[in-house]
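See structure below.
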Amino acid sequence: MSSTVTFEVPSPYDPAAEPRAVTLSYARVGAGEPLLLLHGIGHHRQAWDPVIDILATERDVIAVDLPGFGASPALPDGFAHDLPTMTAVFAALCEALELDRPHVAGNSLGGLLALELGREKRVRSVTTLSPAGFWSQAERRYAFGVLLAMRRAARSMPVPLVERLSRSAAGRSVLTSTIYARPGRRSPEAVVAETLALANAKRFTETLRAGRDIRFTDDVPDVPVTVAWGTRDLLLMRRQGVRAKQIIPRAHLIRLPGCGHVPMNDDPALVARVLLDGSR
């Protein structure tokens, strides 16, 4: 069941400014140590659904819609959808939900946010699945071009067409093969919902624009880090995982055989095990 929470967030750029109210939508289930889940750009928290039930047997799982995505409103006027602001938002969210340094896991943009929270020592552990920020400029331009093409396609298709395509494995491949290595395994309902989530993402453009100059170049000392990469990731190539390991030498680098950029649906059992092991 989804919930919303509203909390105050200080400006990351002007400490003297009045904090602003931010509202986020999230789902919380399970028991154990807290595990915060952050999705990628243009997606929504339901990206984690294939692994939620497994995780909830051992963790208090909090899956969040990022600001301006899914059911979460955009950030208030004056707040940019950039990395410092997003990091401040999720640090404040942890306080609002009384999460004392939770474990955090993220995919793509969510992985970059998770690493930033780890760098600031606001979390107990970080597990990332194909995190953004370890690209070359050419790789970033390629990934952004693909994302923009996906967004244009999602916005151009009438809902009845999306629904019709989702009913067959071939149609689901047309809609989602860029991010899933095994798109036929995704349910028709989930494919429709995430296509509409991409089409209706309120702050897609602003968030993507804010990432143009982002490179993650710092170590994450004193926080356990796991970096997992699908061997069939077509958006952020798996060689970027090697760069991540070079930048964060103590990170545990894991390959996810046969998995794409959003691996939770491609191999739920494997991904859940990586998330649980990474949050010990």
Side-chain angles (χ1 to χ4, degrees), residues 7 9-15 19-20 22 24 26 34-43 45 47-48 62-69 72 75 79-97 99-135 139-140 143-144 203-204 206-229 236 240-241 243-253 261 275 278-279:
F7 50 96
V9 180
S11 168
Y13 296 107
D14 183 3
R20 304 295 299 277
V22 170
L24 293 182
Y26 69 98
L35 173 60
L36 182 66
L37 301 179
L38 307 176
H39 63 78
I41 188 170
H43 224 146
R45 67 175 183 269
W48 299 100
I62 306 97
V64 184
D65 279 325
L66 271 58
F69 297 92
S72 288
L75 293 175
F79 267 24
H81 284 253
D82 60 9
L83 185 58
T85 307
M86 291 282 207
T87 305
V89 165
F90 284 106
L93 172 69
C94 290
E95 293 183 13
L97 296 181
L99 304 176
D100 181 19
R101 295 186 72 241
H103 302 283
V104 62
N107 173 224
S108 197
L109 169 61
L112 173 62
L113 293 171
L115 286 167
E116 190 66 15
L117 289 167
R119 191 182 65 80
E120 295 188 358
K121 296 183 173 58
R122 296 181 180 273
V123 294
R124 304 182 205 186
S125 71
V126 174
T127 305
T128 64
L129 310 174
S130 297
F134 296 100
W135 42 44
E139 290 165 347
R140 182 200 61 77
F144 280 29
R203 289 295 182 265
F204 179 92
E206 292 87 341
T207 303
L208 194 67
R209 186 183 300 124
R212 287 180 299 187
D213 299 319
I214 292 293
R215 294 282 299 277
F216 196 89
T217 57
D218 295 331
D219 194 5
V220 185
D222 306 320
V223 175
V225 174
T226 300
V227 177
W229 227 286
L236 299 180
Q240 295 173 35
R243 293 190 199 121
K245 175 68 174 175
Q246 293 169 344
I247 292 167
I248 311 170
R250 289 178 293 278
H252 188 196
L253 179 61
H261 182 64
L275 296 175
S279 58

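Positions are given from 1, in the same order as the sequence printed here.
Between the side chain of T87 and the backbone N or O of L83, at least one donor-acceptor pair lies under 3.5 Å. At least one donor-acceptor pair closer than 3.5 Å links the side chain of W135 to the backbone N or O of I214.
A heavy-atom distance below 4.5 Å is found between the side chains of P221 and K121. Counting heavy atoms from C-beta outward, H81 and P67 have side chains that approach closer than 4.5 Å. Side-chain contact between L236 and W229: present, with at least one pair of heavy atoms (C-beta onward) separated by less than 4.5 Å. L36 places none of its side-chain heavy atoms less than 4.5 Å from the side chain of V123. A 4.5 Å side-chain heavy-atom check between R45 and V64 finds every atom pair outside the cut-off. The shortest distance between side-chain heavy atoms of F134 and T128 does not fall below 4.5 Å.
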Point to revise | Residues L66, T207; criterion side-chain contact (heavy atoms from CB on, under 4.5 Å); working and verdict | key: CA-CA 10 Å; L66 271 58; T207 303; over 6 Å; no

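Residues passing the salt bridge (charged side-chain N to carboxylate O under 4.0 Å, His left out) test with E120 are R122, sequence neighbours excluded. Partners of A210 by side chain to side chain contact (heavy atoms under 4.5 Å, CB included), not counting sequence neighbours, listed by chain and number: D82. For E95, there are no side chain to side chain contact (heavy atoms under 4.5 Å, CB included) partners, not counting sequence neighbours. Considering only residues two or more places apart in sequence or on other chains, R243 meets the side-chain hydrogen bond (donor to acceptor under 3.5 Å, both in side chains) condition with E139. With sequence neighbours excluded, no residue satisfies ring-ring contact (aromatic ring centres under 6.0 Å, His included) with Y26. For F7, there are no ring-ring contact (aromatic ring centres under 6.0 Å, His included) partners at least two apart in sequence or on another chain. By the side-chain hydrogen bond (donor to acceptor under 3.5 Å, both in side chains) test, H39 is found to be paired with no residue, residues two or more places apart in sequence or in another chain being considered. S72 is linked by a side-chain hydrogen bond (donor to acceptor under 3.5 Å, both in side chains) to nothing, counting only residues two or more places apart in sequence or in another chain. Scored by the side-chain hydrogen bond (donor to acceptor under 3.5 Å, both in side chains) test, S125 finds H103 as partners (sequence neighbours excluded).
Within the structure, the side chain to side chain donor-acceptor pair (under 3.5 Å) test picks out the following pairs touching residues 211-226 (sequence neighbours left out): D219-R250.
Across W48 and L38, no two heavy atoms sit closer than the pair CZ2-O, 3.2 Å. Counting all heavy atoms, side chain and backbone alike, F144 lies closest to L208 at CE2-O, 3.2 Å. Here the shortest heavy-atom pairing between P34 and I62 reads CB-CD1, 4.2 Å. Of all heavy-atom pairs spanning L93 and L24, the tightest one is CD2-CD1, 4.1 Å.
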Using residues 106-119 as the side-chain source, report each donor-acceptor pair under 3.5 Å to any protein atom, sequence neighbours left out, with the distance given to one decimal.
| from | atom 1 | to | atom 2 | distance (Å) |
| --- | --- | --- | --- | --- |
| N107 | ND2 | L129 | O | 2.9 |
| N107 | ND2 | H261 | O | 3.0 |
| S108 | OG | H261 | NE2 | 2.9 |
| E116 | OE1 | R119 | NE | 3.4 |
| E116 | OE2 | R119 | NE | 3.3 |
| E116 | OE2 | R119 | NH2 | 2.5 |

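The CG atom of D100 lies 6.0 Å from the CZ atom of R124; values are rounded to the nearest 0.5 Å.
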